[in-house]
Structures are given as C-alpha cells and as structure tokens.
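One structure is given here, and the rest of the page talks about it.
Please read all numbers here as calculations on a predicted model, not as lab measurements. Per chain, numbering begins at 1; letters A, B, ... match sequence-line order.
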Number of protein chains: 2
Amino acid sequence: MRIGELAKLGKVTPRTIRYYESLGLIPPGEREGAGQHRYPEQTVERLQKIDQLKALGLSLDDISKVIHLYFEDPTGKRAKKKVLEMLRGHLAETDVQMALRIQFRSELVVHIQRFEGWLDSHVR
Amino acid sequence: MRIGELAKLGKVTPRTIRYYESLGLIPPGEREGAGQHRYPEQTVERLQKIDQLKALGLSLDDISKVIHLYFEDPTGKRAKKKVLEMLRGHLAETDVQMALRIQFRSELVVHIQRFEGWLDSHVR
DNA sequence: CTCAAAAATGACGTTGACGTAAACATTATG
DNA sequence: CATAATGTTTACGTCAACGTCATTTTTGAG
C-alpha cells in the first residue's frame, strides 16, 4: 500500500510516517527507482504498536530501541522485558519529579505567605 | 558603565543582558551614535530583581509584566501584589500538574504490574 | 495522453533562555 | 599610534514530535 492508505489505517498523517521512517521506527518503504514508497501491511501493526508504546509514556527514542524486538521475536517476550525495564526507569524518574514538585510547591507557599504578610503590614 | 562591568556586577553574561534588553526587561542602554551602550547603575538592581523573581519560579515573560512596577512605584506594593497573583496562579498550576503526575504514576504502576504478570505466566 | 489526486522533498515554525561562534567596530592602554 | 581588550551584530544550536506550507514529481483513471 502507499503512504496515504497506511496513514489512514494507522491513524496518523503521512508526515508522521515519514518522520517515523527517518527515525528508523518503521522500515523504509520499498520503491522502484525514484518512485513512491510501498509499505507491507505489517507496517500498520507497527504503527499501532508504536501508538501503544507512546501511550505507556515512552518517547520515540525509547520506542526506537524496542520496536524491532516485537517483529523479530513473535512471542514479544524480549520486547516486553525491555519495555518493563524502561517503565521502571520512568517510575523512578516520576518519583524524583514528584518530589521536586512537592518541594517547589511548599517553597511557593512560603513565598506566597511572605508576600501576603508584607502586603498586610503595609496596607497602612 | 559598559556591558562588561554590568555583567560582572549583575552576575550574568553580556549575552544575557542583550537578551533581556531585547525582551524589554531592562531599558536599552543609551549610546552616542553607533558606539557602545552605557548603562546606569540602577540597571544592576534591575538584574538582581530579575534574578530574585526567577528564583520565585517566574518566567522571563512573567517578569516582563511586573519588573517595571518595581521602578515606578518605590514602595513596590503594586509589584508585589501582581507577583502574588502570579504565584497563586503558579500554585494552582502546580497542583494540576501534581494531580496529573500522580495519575500518571498510578497508571505506570498498573502497566508495570501487567507486564510483570505477563512475563511471570510466560516464563513457562 | 491528459489531468487531477496523491506523493516526494525541502525547509521553516513551535517553546525557553540563553550558549557559542564569527566577523567587524570601538575603546583603552602603553 | 599600535595593539590588546572589549563591544556589536547576526545567526545557528539546544529539545520533541511533528504541523504547515510550497514546489516538483509520480501515478491512476478516463
């Protein structure tokens, strides 16, 4: 199929497909000479898998490191192991970010109280 | 004073000063013809105030909306009122972001457990 | 074979706060 | 007055994931 149909079936835009192709997320569509690209149907599944992984919070860069495993090992076991590692990494990262946000929030509250206090005592 | 000295006293780089000038955070240094810029000493205080506001979590865009108040109204009351409004806005935004992060985190945990479960039951 | 739809290619825009480099101008110093 | 030090201007790079033109080429239908 050509890029337009692939885009519809995969629910993305042609621009996205070309972008993914440039990142190596999907194999480059074959073509005769300098004509148009032709994609096998499997590419649709690939786009769907990419979308699923994005929904897990993985970046395209993360995805590029595991997507091939899904299509080499049909059980998907190796892929899932690797994704699991990544998710655990994101969990740790999320916890760090939350801690920072909590700290930032309490600092914000302190600042706010300081401003409120100053304004109160200077309203006359 | 020239840009180099201002940079030292304000603990920023000349690049930063020019950038702030382009954003209107500090008034354009006067100059005779096409010569070098000359900045009044007050500009140092302005840089310090900008730094303080940045420490409160305000963006340069936020700062551009209040910095002038500090140098029009010497009591700084109007400035502080406006900054207080902004801080309250940031607090609300922070709470939203934290709620999102908490939700994201719990979804992450669910995903992780799902992967762990799948791997457990397929390791034989 | 013609014409319109679809595809390809290239490049700029988005967001924030500057860093860094290059080429040229001005100022200060000995 | 020669030269070093400093300043000015312009512009690209950083980071993610594409959107949005604009121009040229290929393809499928009639």
Consider the side chain of B:Leu60, meaning its heavy atoms from C-beta on, and name the nucleotide among C:dA28, C:dA17, D:dT27 that approaches it most closely.
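Of the options given, the side chain of B:Leu60 lies nearest C:dA17.
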Looking only at side-chain N and O atoms, does [X] come under 4.0 Å of OP1 or OP2 in [N]?
X: A:Thr13; N: D:dC18; answer: no
X: A:Tyr20; N: D:dA17; answer: no
X: A:Arg31; N: C:dT9; answer: yes
X: A:Arg18; N: C:dA8; answer: yes
X: B:Thr16; N: C:dA17; answer: no
X: A:Lys54; N: D:dA16; answer: no
X: B:His37; N: D:dT8; answer: yes

Quick check on DNA chain C: between B:Leu23 and B:Arg2, whose nearest nucleotide comes earlier from the 5' end?
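That would be B:Leu23.
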For B:Ser59 and B:Gly35, find the nucleotide of DNA chain C closest to each by heavy atoms; which residue's nucleotide sits nearer the 5' end?
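The residue mapped nearer the 5' terminus is B:Ser59.
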Rounded to the nearest Å, what distance is computed from the [atom1] atom of residue [X] to the [atom2] atom of nucleotide [N]?
X: B:Glu30; N: D:dG7; atom1: CD; atom2: C1'; answer: 17 Å
X: B:Tyr19; N: D:dT8; atom1: OH; atom2: P; answer: 19 Å
X: A:Glu5; N: C:dA7; atom1: CD; atom2: C1'; answer: 14 Å
X: B:Met1; N: C:dT27; atom1: CE; atom2: P; answer: 18 Å
X: A:Ile3; N: C:dA5; atom1: CD1; atom2: C1'; answer: 15 Å
X: A:Leu47; N: D:dC18; atom1: CG; atom2: C1'; answer: 14 Å
X: B:Asp51; N: C:dC18; atom1: CG; atom2: P; answer: 10 Å
X: B:Leu6; N: D:dG7; atom1: CG; atom2: P; answer: 10 Å

Give a yes or no answer on whether the side chain of B:Glu30 reaches the backbone of B:Tyr39 with a donor-acceptor pair at less than 3.5 Å.
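No, the answer is negative, given that no donor and acceptor are paired below the 3.5 Å cut-off.
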Donor-acceptor pair, A:Asp73 side chain versus A:Lys77 backbone, under 3.5 Å?
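Between the backbone of A:Lys77 and the side chain of A:Asp73 there is a qualifying donor-acceptor contact (under 3.5 Å).
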Does A:Arg46 make a cation-pi contact with A:Tyr70, if we ask for NZ or CZ under 6.0 Å from the ring centre and within 45° of the axis?
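Judged by the rule, A:Arg46 and A:Tyr70 form no cation-pi pair.
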Under 4.5 Å side-chain linkage, directly or through intermediates, the cluster mates of B:Leu69
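Taking Ile, Leu, Val, Met, Phe, Trp and Tyr as members, B:Leu69 stands alone, with no cluster partners.
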Is a salt bridge present between A:Glu116 and B:Arg88, judged by a nitrogen-to-oxygen distance below 4.0 Å?
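Answer for the salt bridge query: yes.
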